[in-house]
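As structure tokens, the structure follows; a few thoughts come after it.
For this chain, numbers begin at 1 and follow the sequence in order. Worth knowing before you read on, the calculation uses all heavy atoms, side chains too, and leaves out hydrogens, waters and symmetry mates. Numbering of ligands and ligand atoms starts at 1, following listing order. Treat the numbers as computed from the prediction; the structure is a model and nothing was measured.
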Amino acid sequence: MTATASKPMIDKGLASTIAAESAMSYIDGEKGVLEYVGIDIDDLARNSTFEETVYLLWHLRLPTKSELETFSQQIRAEYELPEPMWDLIGNLPKTASPMHAIRTLISALALHDPEADVHSPEANTRKGIRILAKTPALIANFDRHRKGLDFIKPDKSMDMATAFLTMLNGEKPTDTMAKALDVCLILHADHGFNASTFASLVTISTLSDMYSAVTTAVGTLKGPLHGGANEAVMHTLKELNDVSEVEDWVKGKLERKERIMGFGHRVYKAYDPRATYLKTFAKQLAEDTGNQKLYEMSSRIEEIMDEAVGSKGIYPNVDFYSATSYYAIGLDIDLFTPMFVLARNAGWVGHCIEYLEGNKLIRPRCEYTGPHKAPYVPINER
Ligand code: CMC
């Protein structure tokens with residue numbers, strides 16, 4: 001469907017709308033390809049690090065060794081939270097869901113940033129680094145707060161994945177666990193104009209500010225049709241006791257026209273390449289951590305789904321096997337979507353900076369379907 005300025009057409013869900021250009025990530029939904037700046041996601045997952053991937057997305061090229069060193073130091077220098085943020089975390093209700101807490105805390109970072117309303121590209125990059133670097137301490141320490149544990153400050157000698165897991169668990173993770181999280185962060189770092197990225201662009205296009213844009217994005221990511229799906233997948237797996245229950249469960253859901261979380265995608269009508277990688281990865285992690293049963297149930301859900309709806313192009317998406325991967329890393333289920341925040345900060349910030357280079361207010365129209373020339377009836381006569 002096309003739309004011209006003079007004769008706009010309805011494109012519900014914007015499924016056929018190309019809203020702007022971007023050089024960050026390329027998706028071929030028919031062939032199941034995802035590239036960040038031309039580099040295949042599989043190559044990045046195998047060889048890169050999250051920090052290097054963020055540099056790639058923000059600078060549209062891989063860094064040299066010294067550029068990566070400098071960038072990593074810039075991120076680490078921003079790990080620490082402004083002092084009042086610790087009080088804020090400590091005053092949040094322990095019953096709050098982590099996604100509500102993270103959205104509130106990222107928003108609150110703006111209150112302590114003198115550059116919050118400075119709009120130069122350099123200031124936006126600095127704010128992007130701050131958001132990216134401080135999010136691990138926010139998530140991990142909110143989790144500690146709700147569990148009645150003392151705060152742990154971020155350790156600048158560690159990369160982001162290691163620093164996060166150390167704060168979360170109170171001890172340094174094994175190299176395998178830190179690497180597992182790092183790979184998940186790479187795979188979730190960017191994905192074109194997904195719903196949360198687009199939401200961030202709507203906000204930044206008004207010339208609001210980076211904190212507002214990322215806060216908008218976090219709220220958008222939370223929904224189960226988007227980033228919240230990974231938690232829904234795990235709840236499903238927990239509901240099932242055994243592989244033998246899977247077939248009836250999946251078929252029953254499909255008969256009732258209910259969705260199986262972690263399957264289907266607006267763009268991919270072939271296997272999501274992130275899921276391809278994560279599937280092998282989740283299997284290995286499950287074996288290493290004694291979670292084989294979860295992996296077997298996931299694999300069986302995939303088999304039944306493939307027979308039932310594979311021909312419609314409905315395959316596992318990134319959320320399906322990331323759920324078992326996060327579980328194997330030892331994360332609580334309600335921290336799965338916050339991991340998506342940690343990673344997707346890279347995409348949100350990068351796209352906002354890119355979009356601002358040729359900014360145009362995002363403001364679609366709607367087709368009015370209500371009455372015309374309606375009388376105003378005084379309140380006593382209604
Ligand atoms: N389970 C069962 N049927 C499905 C599913 C699913 N997960 N996904 C799509 N379908 C069916 C849907 O019922 C419809 O069938 P019919 O044509 O017979 O009515 C057809 O496929 C097209 O669905 P749609 O909702 O029109 O397609 P969409 O492009 O709007 O939806 C989606 C994309 C991701 C919202 C959808 O696939 C879905 O709800 N999936 C489950 C939630 C999920 O896993 N979300 C994570 C997405 S990937 C990561 C991310 O963005 O965070």
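- For the pair Gly262 and ligand 1, the shortest N or O to N or O distance falls below 3.5 Å.
- An N or O contact shorter than 3.5 Å is missing between Leu254 and ligand 1 by distance.
- Note: Phe340 and His188 have perpendicular aromatic rings, judged against thresholds of 30 and 60 degrees for the angle between ring planes.
- The residue from Val250, Ile260, Thr197 that puts a heavy atom closest to atom 1 (N) of ligand 1 is Ile260.
- With ligand atoms numbered from 1 in the order given, ligand 1 contributes 43 (C), 44 (O), 45 (N), 46 (C) to contacts under 4.0 Å with heavy atoms of Ala229.
- Within ligand 1, counting atoms from 1 as listed, the ones closer than 4.0 Å to a heavy atom of Phe340 are 52 (O).
- Looking at His265, Arg259, Arg266, it is Arg259 that brings a heavy atom closest to atom 24 (P) of ligand 1.
- Within a 6.0 Å sphere centred on CG of Asp175, other residues, nucleotides and ligands contribute 12 heavy atoms or fewer.
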ask   = Between Tyr55 and Glu67, does a side-chain contact (heavy atoms from CB on, under 4.5 Å) hold up when you go through it step by step?
value = CA-CA 9 Å; Tyr55 188 101; Glu67 284 169 337; 3.5 Å; yes

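- Residue-to-ligand polar distances keep Arg274 apart from ligand 1: every N/O pair is separated by 3.5 Å or more.
- Of the possible donor and acceptor atoms, one in the side chain of His145 sits under 3.5 Å from a partner among the backbone N and O of Leu92.
- Contact annotation for Val233 and ligand 1: no heavy atom of the residue comes within less than 4.0 Å of the ligand.
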inquiry  = Under the criterion side-chain contact (heavy atoms from CB on, under 4.5 Å), I'd like the reasoning laid out for Val214 against Val341: C-alpha separation, chi angles, the key distance, then a yes or no.
reply    = CA-CA 9 Å; Val214 174; Val341 174; 5.9 Å; no

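- Residue, atom and distance of the protein heavy atom nearest to atom 42 (C) of ligand 1 are Met261 SD, 3.5 Å.
- Under a 4.0 Å N-O distance rule, the pair Asp332/Lys147 qualifies as a salt bridge.
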inquiry  = Pair Tyr271, Glu302 - check side-chain contact (heavy atoms from CB on, under 4.5 Å), show working.
reply    = CA-CA 11 Å; Tyr271 212 99; Glu302 185 186 338; 3.0 Å; yes

request  = Report the C-alpha separation of His351 and Phe198 in whole Å, then their side-chain angles, then the decisive distance to 0.1 Å, and conclude whether the ring pair (Phe, Tyr, Trp, His ring centres under 6.0 Å) test is met.
outcome  = CA-CA 9 Å; His351 279 286; Phe198 188 67; over 10 Å; no

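- Using a 4.0 Å cut-off to heavy atoms of Lys312, the atoms of ligand 1 that qualify are 15 (O), 16 (P), 18 (O).
- The nearest protein atom to atom 41 (C) of ligand 1, hydrogens excluded, is given as Phe263 O, 3.4 Å; this is a heavy-atom distance.
- Between Thr276 and Asp42 the shortest side-chain heavy-atom distance does not fall below 4.5 Å.
- A heavy-atom separation below 4.0 Å is not found between Val309 and ligand 1.
- Distance screen at 4.0 Å: atom 22 (C) of ligand 1 has no protein heavy-atom neighbour inside the cut-off.
- Shown here is Asp242, whose CG atom has more than 12 heavy atoms of other residues, nucleotides or ligands within 6.0 Å.
- Scanning the protein for heavy atoms near atom 50 (C) of ligand 1, the closest one is His226 ND1, 3.3 Å.
- Looking at Leu225 against ligand 1, both its backbone and its side chain come within 4.0 Å, counting heavy atoms.
- Residue nearest to atom 34 (C) of ligand 1, selected from Gly223, Ser196, Gly264, Pro224: Gly264 (by heavy-atom distance).
- Between Thr176 and Asp288, the side chains place no donor N or O within less than 3.5 Å of an acceptor N or O (distance only, hydrogens not considered).
- Distance check for atom 45 (N) of ligand 1: a protein heavy atom is found below 4.0 Å.
- For atom 27 (O) of ligand 1, the nearest protein heavy atom lies 4.0 Å or farther away.
- Remark: ligand 1 and Glu258 share no N or O pair separated by less than 3.5 Å (distance only, no angle test).
- Distance screen at 4.0 Å: atom 19 (O) of ligand 1 has no protein heavy-atom neighbour inside the cut-off.
- Under the 4.0 angstrom criterion for non-hydrogen atoms, Gly227 is in contact with ligand 1.
- Within 6.0 Å of the CG atom in Leu361, the count of heavy atoms belonging to other residues, nucleotides or ligands exceeds 12.
- Each of the following atoms of ligand 1 lies closer than 4.0 Å to a heavy atom of Val318: 49 (C).
- Counting only heavy atoms of the protein, atom 49 (C) of ligand 1 lies nearest to Asp319 OD2, 3.1 Å.
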request  = Please assess Asp143 against Arg146 for the test salt bridge (Lys or Arg N to Asp or Glu O under 4.0 Å), listing each intermediate value before the final yes or no.
outcome  = CA-CA 5 Å; Asp143 189 63; Arg146 69 177 174 160; 2.8 Å; yes

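- Only the side chain of Ile314 comes within contact range of ligand 1, with a heavy atom under 4.0 Å; no backbone atom does.
- At least one side-chain heavy atom of Glu80 sits less than 4.5 Å from a side-chain heavy atom of Trp86.
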